[in-house]
Amino acid sequence: MAQITKRSRPLVTNGFVVETPDLIELVVRDMPSPAEVKAERERLRDFWFVHWVGGKLYHLRLSAGGPNVDGRQLTAPASQYGWLLRARVDDVIGVALPKYQPIRQRPFTFLAQRTELIAPAAHAARIDDPLIEQFTVTPRFVLSPKTFEPVDGQSKLGIFINVEMQFDISAPLNELQSANVDLTGLHVVRRQAEPGKRRLVGRISRVDGNVTHLSESTEGPSIQTDQIKLEGSKESVARCLTTILGLSRYRALMSALDDQQAGYLLGPHFDGVVTKLGALLAKTKLPIALGQDAKIGDRIVLANSDTAETVYVAPPVDYVFDRTGAQSNAFAWPGLSQFGPFDRTTFANKSPRLLVVFPTSTQGKVETFLRAFRDGLGANYRGFAKGFRDIFGLVNLEFVMCPVQVQVSDRAGSEAAYRNAIEDRLSAGEDVQGAIVVLFEEHAHLKGLQNPYLRTKALLLTLGIPAQEVRMTTVTQMPGILQYTLQNFSVSVYAKLNGTPWTVNQDKAISDELVVGMGFAEFSGSRFEDRQRFVGITTVFSGDGTYLLGNVSKESNYADYPKMVRESMLSLLRELKTRNNWRPGDTVRVIFHAHRPLKRVDVGNIVFACVREIGAEQVLQMAFVTVSHDHPFIIMDRAEKGEPVKRDSDVMKGEFAPMRGTIARIGKTTRLLATNSHKLIKRVNSPLPAPLLISLHPDSTFKDVDYIAEQTLKFTSLSWRSTLPARTPVTIFYSERIAELLGRLKDVPDFSTTALSVKLKWSRWFL
């Protein structure tokens, strides 16, 4: 990147170095199929540790005697076999914690023995109910061995500690039912584990005394009620306690629980928990092989030296509002208010018409909201003074009103009322480019096909009309709050109308650069059947963040998924080649972002082959990057004291959170990227934010990991769902949003994804 980067302060991680022997002795032999490993592991139990990788079985002797092993005997530097030692440490870390019974062996996971958080939260909130005692929240500790390489040639092994929360509900189902809790659809598990059987039993259809009938199950259609309990999920806890306590007391309890959890999850508290557990682990040696031990050493600190830069802060992201880059701002909304949207001179429809669907009884309040949205709130509310029409440079904005005869109490029939009203209004030949759907708060949370927004969104998308939901609690906000809500609302509406509110600064050094976000949706929705139907999701951006197009593939089964990816990618690249006018000899860089490619499917190599086929006449640079929240690494800046939670307050938020844009090397082809700093954290009890883990595919031909990390940071500023940056780059964020919506829409009768890849190809309909 052209801009000068800023050196960062040292970062403390949540890990400790695992000090291993300098040399290890091992035996290696060929084993092409992993199917044989289980039997061999049983044969060699207690005498050899075995680990299979890439067609070879690796052995470490644990004790003298026992079965012999044929193969090549090696004495090698331990640093060359970090992955083998990682697997061994994963196997024996529990030796250092003999008092704790693991609830999971790999990674080693255990619960706090004398700490439970619901009871003190209930006491603090002054809530007393006999059923409360049967709901528990317990700190859960996860120990993950991982290799890391902060400097070239210095690969090490570390143990990384994380703290999570374990929810449990031991209350008998009959007692919950007597308390009027709706148990329908909730998952249940066995009260006592049974060898050879899954802990998950099924989903409740109904409870009849001592027999619980299941709508889905791992075994039969019913089970004895006293053998099962509710799965301890946040959803189950929320449904039960909202009914038992009432909404206001439930919220008071959750606020108090939030305070209790903060004692483990906020920066300084989390750091203290990690320090304490690390000291405990350091007391015991870990057996690696016969006569060889490892031990837990010093805290892992990522810091720069005179010869190597491990940590730095990327240049700040500028929001850009014209093609020259001259009109830019460090913040999205001030720049938008000053300059207007990026595509204000080329935006096609300067007089859009929006269908507004709303309950008849709310018309006056809805009209007031629409006027504020269109015309602004006036000079007294600088957050949204001018309004959507003037800020986005429109000539006119017309609302096509569509009242719905529906009451708050009409839950069962609300979705049909909305659909019928829309069909009647549009059958008159109304031409609209988008829709605003207003819902009662009570209707917004209805489940499944009863939800009016889900049904209307499916109907409108099938007709090629993007829709924006708004609830009456938002419509009736006071102007001081509404001004900021309208900022996000207007940005989303403009993007759904195919507009480009802003892009980001970029150094253009090659002919063309594309960033392709890849994801998939699983079309099952059940935990009791194989998820065999997949839809591929692709979003495409230019290097400066301009959204080019999106694509939703046809459904395929798992076996055909690679073929579907190939066909979808070839079609996409052909369109981009034509659209961007690739010429022979042009240098074209294509960077693919994926959140979690399917196991056993090397999507990276599939898309690389597609790029080579389509770009045979171009000079190609390719990178396949996995961008993930699912990793054990945490980074802390102990010198960061945080930000006052509000003006003139002594209460701080975001302590120890590294500055946004902090990039730390954790491996040769991996980086940690901090996207959420103390300035972006909203709540005083928000946990210490985890960084993104950016991993480069080994077959990538473009290998500048720092460039990719900085570009990923820029793409977090490109979410047009809000004026604030997203936690993940929009390449991934948009794919996740599409997958989430498709997962909900798949069961709607007559819904078709055809319009999403045709008429709505350039619309951000999923925001």
For [X] against [Y], the heavy-atom pair lying closest together:
X: Ala121; Y: Leu253; value: C-CD1, 3.9 Å
X: Ala171; Y: Leu131; value: CB-CD2, 4.2 Å
X: Leu214; Y: Val188; value: CD2-CG2, 4.1 Å
X: Tyr312; Y: Glu710; value: OH-OE2, 2.9 Å
X: Ile244; Y: Ala179; value: CG1-CB, 4.2 Å
X: Pro145; Y: Asp90; value: CD-OD1, 3.5 Å

Do [X] and [Y] have side-chain heavy atoms sitting under 4.5 Å apart?
X: His187; Y: Leu230; result: no
X: Val142; Y: Pro107; result: yes
X: Ile169; Y: Gln134; result: no
X: Phe141; Y: Thr109; result: no
X: Trp720; Y: Ser492; result: no
X: His595; Y: Val627; result: no
X: Gln227; Y: Arg191; result: no
X: Leu186; Y: Glu235; result: yes

- Task: Please work out which of the three classes, parallel, tilted or perpendicular, describes the rings of Phe110 and Tyr100, given edges at 30° and 60°.
- Result: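 Tyr100 vs Phe110 ring planes: tilted.
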- How are the rings of Phe715 and His593 set relative to one another: parallel (under 30°), tilted (30 to 60°) or perpendicular (over 60°)?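 Rings of Phe715 and His593: perpendicular, as their planes differ by over 60°.
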- Message: Applying side-chain contact (heavy atoms from CB on, under 4.5 Å) to Val645 and Arg683, what does each step give before you reach the verdict?
- Response: CA-CA 7 Å; Val645 69; Arg683 300 187 308 111; over 6 Å; no
Short side-chain donor-acceptor distance under 3.5 Å, [Y] and [X]:
X: Gln477; Y: Tyr484; value: no
X: Thr716; Y: Thr675; value: no
X: Arg299; Y: Thr13; value: no
X: Arg660; Y: Ser717; value: yes
X: Ser628; Y: Asp630; value: no
X: Thr670; Y: Arg665; value: no
X: Ser236; Y: Ser233; value: yes

- Aromatic centroids of Tyr264 and Phe270 separated by under 6.0 Å: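 No, ring centres 6.0 Å or more apart.
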- Leu97 and Leu143: CA distance, side-chain angles, deciding distance, side-chain contact (heavy atoms from CB on, under 4.5 Å) verdict: CA-CA 11 Å; Leu97 298 165; Leu143 279 54; 3.7 Å; yes
[X] [atom1] to [Y] [atom2] distance, which is reported to the nearest 0.5 Å:
X: Leu454; Y: Glu469; atom1: CG; atom2: CD; value: 10.5 Å
X: Lys295; Y: Lys283; atom1: NZ; atom2: NZ; value: 15.0 Å
X: Arg140; Y: Thr138; atom1: CZ; atom2: OG1; value: 10.0 Å
X: Leu241; Y: Ile118; atom1: CG; atom2: CD1; value: 6.5 Å
X: Thr184; Y: Gln177; atom1: OG1; atom2: CD; value: 8.5 Å
X: Ile481; Y: Leu486; atom1: CD1; atom2: CG; value: 12.0 Å

So does [Y] get a backbone contact from the side chain of [X], meaning a donor-acceptor N/O pair under 3.5 Å?
X: Arg671; Y: Ala664; value: no
X: Asn676; Y: Pro689; value: no
X: Thr218; Y: Gly202; value: no
X: Gln483; Y: Gly383; value: yes
X: Gln260; Y: Leu117; value: no

Is it the case that more than 12 heavy atoms not belonging to [X] sit under 6.0 Å from its [atom1] atom?
X: His123; atom1: NE2; result: no
X: Glu133; atom1: CD; result: no
X: Lys99; atom1: NZ; result: no
X: Gln192; atom1: CD; result: no

Is any side-chain N of the basic residue among [X] and [Y] closer than 4.0 Å to the acidic one's carboxylate O?
X: Glu441; Y: Arg471; value: yes
X: Asp128; Y: Arg249; value: no
X: Lys229; Y: Asp168; value: yes

Sequence neighbours left out, cut at 3.5 Å: what donor-acceptor pairs do the side chains of residues 632-639 make with other protein atoms?
| unit_1 | atom_1 | unit_2 | atom_2 | d |
| --- | --- | --- | --- | --- |
| Asp637 | OD1 | Arg9 | NE | 3.3 |
| Asp637 | OD1 | Ala639 | N | 3.0 |
| Asp637 | OD2 | Arg9 | NE | 2.9 |
| Asp637 | OD2 | Arg9 | NH2 | 2.7 |
| Arg638 | NE | Asp271 | OD2 | 2.9 |
| Arg638 | NH2 | Asp271 | OD1 | 3.2 |
| Arg638 | NH2 | Asp271 | OD2 | 3.2 |

- Item | Partner residues of Pro452 under the side chain to side chain contact (heavy atoms under 4.5 Å, CB included) criterion, sequence neighbours left out |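 With sequence neighbours excluded, Pro452 shows a side chain to side chain contact (heavy atoms under 4.5 Å, CB included) to Ser414, Glu415, Tyr418, Leu439, His443, Leu446, given in chain and number order.
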- Begin with the C-alpha distance, continue with both residues' side-chain angles, and end with the deciding distance and a verdict on side-chain contact (heavy atoms from CB on, under 4.5 Å) for Ile708 and Ile694. CA-CA 8 Å; Ile708 289 170; Ile694 297 169; 4.2 Å; yes
- Under the side-chain contact (heavy atoms from CB on, under 4.5 Å) rule, what do Ile666 and Lys146 come out as? Steps first, then yes or no, please. CA-CA 10 Å; Ile666 200 73; Lys146 293 290 179 182; over 6 Å; no
